[in-house]
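Shown next, in structure tokens, is the structure this report addresses.
To find a chain, count down the sequence lines: A is the first, B the second, and so on, and within it residues start at 1. As the structure is a prediction and not an experimental result, all values here were calculated from the model.
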Number of protein chains: 2
Amino acid sequence: MRAHTGRRRNDAAKAAILAAATDLLAEGQPVTLGAIAGRAQVGKQTIYRWWPSKGAVVLEAMTERARSLAPTASTGSLEGDLEAFVAATFTAAGTPEYAATLRGIVSEALRDEHAAAVLAEFTADRREQLYLIIERWLPDVDADLAVDQVYGVLWYRILIGHATVDDAAGRQLAATIAAQLRAAS
Amino acid sequence: MRAHTGRRRNDAAKAAILAAATDLLAEGQPVTLGAIAGRAQVGKQTIYRWWPSKGAVVLEAMTERARSLAPTASTGSLEGDLEAFVAATFTAAGTPEYAATLRGIVSEALRDEHAAAVLAEFTADRREQLYLIIERWLPDVDADLAVDQVYGVLWYRILIGHATVDDAAGRQLAATIAAQLRAAS
DNA sequence: ACTAGTCGAGACCGATGGTACCGTCAAGAT
DNA sequence: ATCTTGACGGTACCATCGGTCTCGACTAGT
């Protein structure tokens, strides 16, 4: 077994693929393998050297972007922290491009097991962040259901599209959940 | 302009197509046009005489089945009615076959605008039923957010698969939502 | 120099959603 | 009774998509 020989993988290629995928998602264009490879100036085989399936590519592209938003600075109260986090999340997720992206992610995850695994990991990470905020103020309360209520409303509204996902909705929901958690503690 | 001539449409064909689609969904097999047409002993063209796209077929098939569950008999209190309805909904939706069906529905809706329209109509109908239960006891409260919390948790958990959707979860959620509505009224 | 392994590019494959066309069949119009 | 209209089952066909295979070019370690 040799250590390693041959040409090394090009990180620039990986970055270009992810950038192409995010661009297509943001523009609402159909995210096909050919489109990604073409826009990234990359061979399709190169994509499969880095990811096991198309869904995995798309999900990693979006996960990378989504992780950036996570205001965890404390405002001095459970209510304040919760409102800040949920409102910021709703505001970001409610933009048309972002909502379209999230819908695309679910669409991929429902058809590709690799993508489903990445989506599960991504959502687990987001729930964990919210859970940490709650735990900071109410360490002994069972927050699983409350956390699912927050992200449930978010995803449900984005997928169905019957109600708005914006700052106001986030604040209202945060206040409701905070009161619910207070009552349960 | 003549009134109408020619052979009439065969409702048996429509029923056979819907039955084939539901069967495939329930069995977890890939729901392709060819599979539907083959199992229903029907030409593909006949499917397109009744529906505009594949997604619309699948959604109508599932909508038909889902509408059947709707216990609206009153138990004597908001808490009781809510618990009965939500628990029954969670129990039904949490079965593996049904959950797979719901995931399939979303998958279709995300790729087909006709299917999306049917899904929007279907979910609106379900929300309306829950809304009516709440309105019976608290006619003046704004229940939109509470309703979305219930169905949000349901869909979110089914799509991500990180937590169970069963009778116990439904009861816990119903109790929480009932308390929240009481506090808001 | 040699070798192994990545690179972009494109041909290729199987499956899928959807359309076109066929001969057949049923029912209202004449 | 015959004609006309349009749905029927079946099948060939098309474009597109995810994914695989192959190719010559390139590059870094042996």
query: Can you tell if the side chain of L173(A) reaches within under 4.5 Å of the side chain of Q149(B), non-hydrogen atoms only?
result: yes
Side chain proximity check, L59(A) to F122(A), heavy atoms < 4.5 angstrom: no
query: Taking only residues two or more places apart in sequence or in another chain, which ones pass side chain to side chain donor-acceptor pair (under 3.5 Å) with R171(A)?
result: E83(A), D167(A)
message: Quick one, L82(B) and W137(B) - any side-chain contact, counting heavy atoms below 4.5 Å?
response: no
- request: Could you state the atom-to-atom distance from CZ of R7(B) to C1' of dA26(C) in whole Å?
  value: 5 Å
Donor + acceptor pair across side chains of R126(A), T123(A) (<3.5 Å): no
- line: When rounded to whole Å, the CZ to C1' distance for the pair R111(B) and dA15(C) reads 14 Å
Of residues 34-50 of chain B, the positions that come close to DNA chain C - non-hydrogen atoms, cut-off under 4.0 Å: K44(B), Q45(B), Y48(B)
task: Could you check how far CG of D112(B) sits from C1' of dT16(D), rounded to whole Å?
output: 16 Å
DNA chain D contacts made by residues 13-22 of chain A, counting heavy atoms under 4.0 Å: none
message: What is the distance, to the nearest angstrom, from the CG atom on N10(A) to the C1' atom on dA28(D)?
response: 13 Å
message: Base, sugar-phosphate or nothing for V31(B)? Non-hydrogen atoms, less than 4.0 Å.
response: sugar-phosphate
- prompt: Just by distance, with hydrogens left out, do R111(A) and S107(B) show a side-chain donor and acceptor under 3.5 Å apart?
  reply: yes
query: Heavy-atom count around E121(A) CD within 6.0 Å, excluding the residue itself: above 12?
result: no
- line: Picking from dT16(C), dG19(D), dC8(D), the nucleotide nearest the side-chain atoms of T32(B) would be dT16(C)
- prompt: Can Y131(B) be reached from Y151(B) by stepping across I, L, V, M, F, W or Y side chains whose heavy atoms are under 4.5 Å apart?
  reply: yes
More than 12 heavy atoms from other groups under 6.0 Å of CD on E113(A): no
query: Between dG18(C) atom C1' and K54(B) atom NZ, what is the distance in whole Å?
result: 12 Å
Under-4.0 Å side-chain N/O to phosphate OP1/OP2 contact, R8(B) with dA26(C): no
